[in-house]
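Counting starts at 1 for both ligands and their atoms, following the listed order. For reference, positions follow the sequence shown, starting with 1.
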Amino acid sequence: MLQIPFENRYVNLGDRFYELIKPAPVASPSLIRFNDELAQVLGISATDLSEIDLAAVFSGNVIPDGAEPLAMAYAGHQFAHFSPQLGDGRALLLGELRAANGTSFDVHLKGSGRTAFSRNGDGRAALGPVLREYLVSEAMVNLNVPTTRALAAVTTGEQVVREQLLPGGVITRVAESFVRVGTFQYFSSRRDVDAVRQLADYMIERSYPDAAQAETPYVAFFQGVLERQARLIAKWMQLGFIHGVMNTDNMSIAGETIDYGPCAFMDAYAHDQVFSSIDQQGRYAYNNQPGIGIWNLSRLAEAILPLLADNEDDPIELAKSLLQGYADEYERAWLDGMRTKFGITAVANKDADDQALIKDLLNVMAANRADFTLTFYHLSKLDAQASETDRDCRLLFDRPDEFDDWVVQWRERLSLETHSDEQRQASMRAVNPVYIPRNHQIEAAIRAAEDHGDFSVFHELHEVLQNPFTEQAGKERYQLPPEPEEVVQYTFCGT
Ligand code: AMP
Ligand code: MG
């Protein structure tokens, strides 16, 4: 039997918070991948289990000892429209566990059958989105971005009905917590302040223990959430990542990237890039993400306003000033991270100039449709003096002379730095990836799996993305942007 050190606390919050429900069995589960490395971190001992046993557990057919499966209730603003009841419609919290290092994690099945929150949905997931989430979330880990992780993926041996019949899958996701901004909104919209307080106390205990010691714990908690979100979104921006559906129900209180749907990394740079087929107004476009962060966190502020009022006469003013803190933290995190990408360090009185230098390159990239990842990859190889190496970088630009003009300014700025070329290049290479999960490669992995039952493309891509900052011999093609016929214009939620 699988040994998982469960320690379920969410269930103690009471039945307003969830529906207790078991996964609905699937016909014929088969293991695609089990994440041994993550299992070890979590203290899950699975060494003597066969693939058949693992597939049984991670499809939901066998419930491990100590699990208390439940579907979490939440609400959320979807594309700015409030839905008072969403909740886990095709997912379950299998249980919470405490890892060897003392951190608690939630283990969630996605695609595990209908729940009280399914509305008209079938409670299932198609294989394609399962593979996409597995690849992108595990790539994010290795790109040093806070994220939910993938513990296992299985096929179900059943088909799901979407626009066409598709093979079904279940992904097991692990998060520091699956509590969302929308979880607070669920109780706040029901005027259940006790539940809002219970939930905040639970999240303080789980993820923000320092806040419990603060003079005003709920203020410190909110500040902690703001800070983590600001840093998270700055990281997305620095990698050209577009979440695609930043509804308040898809924003984690623990500050992790959560609910991978139509997400994508950009190839050619465009400020307003959108991939999601349902985001027709571009609400969740690349450049809108920091602002959507503040919009969503304003909804969280509204939901916890009664708690912020504990020691404060004017909680709305307080919330506003705290939200300004998010904007400041985001700017700081963005500039710090971008400086590292550009190989420059903080120098007194240079913030505005550096911001301008960074934005100038982004503008030149946009005007020239330069590949985001390759631009920084090649920039990381340049010397402080012009040399032959410049060629690879400038050729990414439709009009290379526009890059030439910019690079002169960059080199002027480098003259203020004390590092050698080697030191600067090494620190740039540590943040500018060689490989990202490019859309067309994810698509190729999905096509092979769905159309031919061939998971080798998925496994190979996964393998390359384990070390995104290291050049791997023979894997050069994973660096390449799509050929015109490979370009993926739209991504889908797959729900
Ligand atoms: P998402 O697009 O994954 O953020 O989901 C938004 C809401 O729709 C959540 O409440 C989901 O649980 C629900 N949902 C999405 N797909 C399904 C499905 N196939 N069956 C039931 N509920 C679903
Ligand atoms: Mg969601």
- Query: Does ligand 1 have any atom sitting under 4.0 Å from a heavy atom of Met72?
  - Reply: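 So Met72 does not count as touching ligand 1.
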
Arg114 near ligand 1, heavy-atom distance under 4.0 Å?
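Checking ligand 1 against Arg114, which is what was asked, there is no heavy-atom contact under 4.0 Å.
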
Is it the side chain (CB and beyond), the backbone, both or neither of Asp122 that lies under 4.0 Å from ligand 1, heavy atoms counted?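 The answer is both, backbone and side chain.
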
Taking N or O atoms only and a 3.5 Å limit, does [X] qualify as a polar contact for ligand 1?
X	result
Gln78	no
Lys110	no
Asp88	no

| query | So, Phe458 versus Tyr134, ring centres under 6.0 angstrom or not? | reply |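 Aromatic pair counts; centres sit under 6.0 Å.
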
> Centres of the Tyr286 and Tyr269 rings: under 6.0 Å?
Replying inline: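 Yes: the rings meet the under 6.0 Å criterion.
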
Would you mind running through ligand 1 and noting each atom that sits below 4.0 Å from a heavy atom of [X]?
X	value
Asn250	4 (O)
Leu86	10 (O)
Asp259	4 (O)
Tyr74	9 (C), 10 (O)
Arg162	19 (N)

For a side-chain hydrogen bond (donor to acceptor under 3.5 Å, both in side chains) check, start with the C-alpha distance between Ser83 and Gln78, then their side-chain angles and the critical distance, and finish with the verdict. CA-CA 7 Å; Ser83 302; Gln78 300 179 302; 3.1 Å; yes

Taking both backbone and side-chain atoms into account, decide whether Asp249 has an N/O/S atom under 2.8 Å from the Mg ion (ligand 2).
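No N, O or S atom of Asp249 is closer than 2.8 Å to the Mg ion (ligand 2), so no.
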
**Message:** When you measure from the Mg ion (ligand 2) to the N, O or S atoms of Asn247, does any of those distances fall below 2.8 Å?
**Reply:**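 It does not: Asn247 brings no N, O or S atom closer than 2.8 Å to the Mg ion (ligand 2).
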
_Regarding Arg477 and Glu460, does a basic nitrogen lie under 4.0 Å from an acidic carboxylate oxygen?_
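Here Arg477 pairs with Glu460 in a salt bridge, since their nearest N and O are under 4.0 Å apart.
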
### Message
If you count heavy atoms of other groups shown closer than 6.0 angstrom to CD of Glu485, is the number above 12?
### Response
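Atom CD in Glu485 is crowded, with more than 12 foreign heavy atoms closer than 6.0 Å.
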
Query - More than 12 heavy atoms from other groups under 6.0 Å of CD1 on Ile52 - result: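 Atom CD1 in Ile52 is not crowded, with 12 or fewer foreign heavy atoms closer than 6.0 Å.
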
**Asked** Within 45° of the axis and under 6.0 Å from the centre of the six-membered ring of Tyr208, does NZ or CZ of Arg228 qualify?
**Response**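 Relative to the ring axis of Tyr208, which defines the angle, Arg228 lies inside both limits.
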
Quick one, Glu483 with His440, criterion side-chain hydrogen bond (donor to acceptor under 3.5 Å, both in side chains). Give me CA distance, side-chain angles, the key distance, then yes/no. CA-CA 9 Å; Glu483 294 295 331; His440 67 291; over 6 Å; no

task = For the residue pair His108 and Phe178, categorise the inter-ring angle as parallel (less than 30°), tilted (30 to 60°) or perpendicular (more than 60°).
result =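 Taking Phe178 first and then His108, their aromatic rings lie parallel (interplane angle under 30°).
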
* How are the rings of Tyr326 and Tyr330 set to each other: parallel, tilted or perpendicular (split at 30° and 60°)? ->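 Parallel: the ring planes of Tyr326 and Tyr330 meet at under 30°.
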
Discussion item. Looking only at N, O or S atoms, which one in Asp259 sits nearest to the Mg ion (ligand 2)?
Written reply: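 Of the nitrogen, oxygen and sulfur atoms in Asp259, the Mg ion (ligand 2) lies nearest to OD2.
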
key: Option with minimal heavy-atom separation from atom 13 (C) of ligand 1, where the choices are Gln85, Arg119, Arg90, Arg180   =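 Result: the heavy atom closest to atom 13 (C) of ligand 1 is in Arg119.
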
Heavy atoms only: which of Pro262, Gly89, Gly87, Gly123 is nearest to atom 10 (O) of ligand 1?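 Checking each option, the heavy atom nearest atom 10 (O) of ligand 1 is found in Gly87.
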
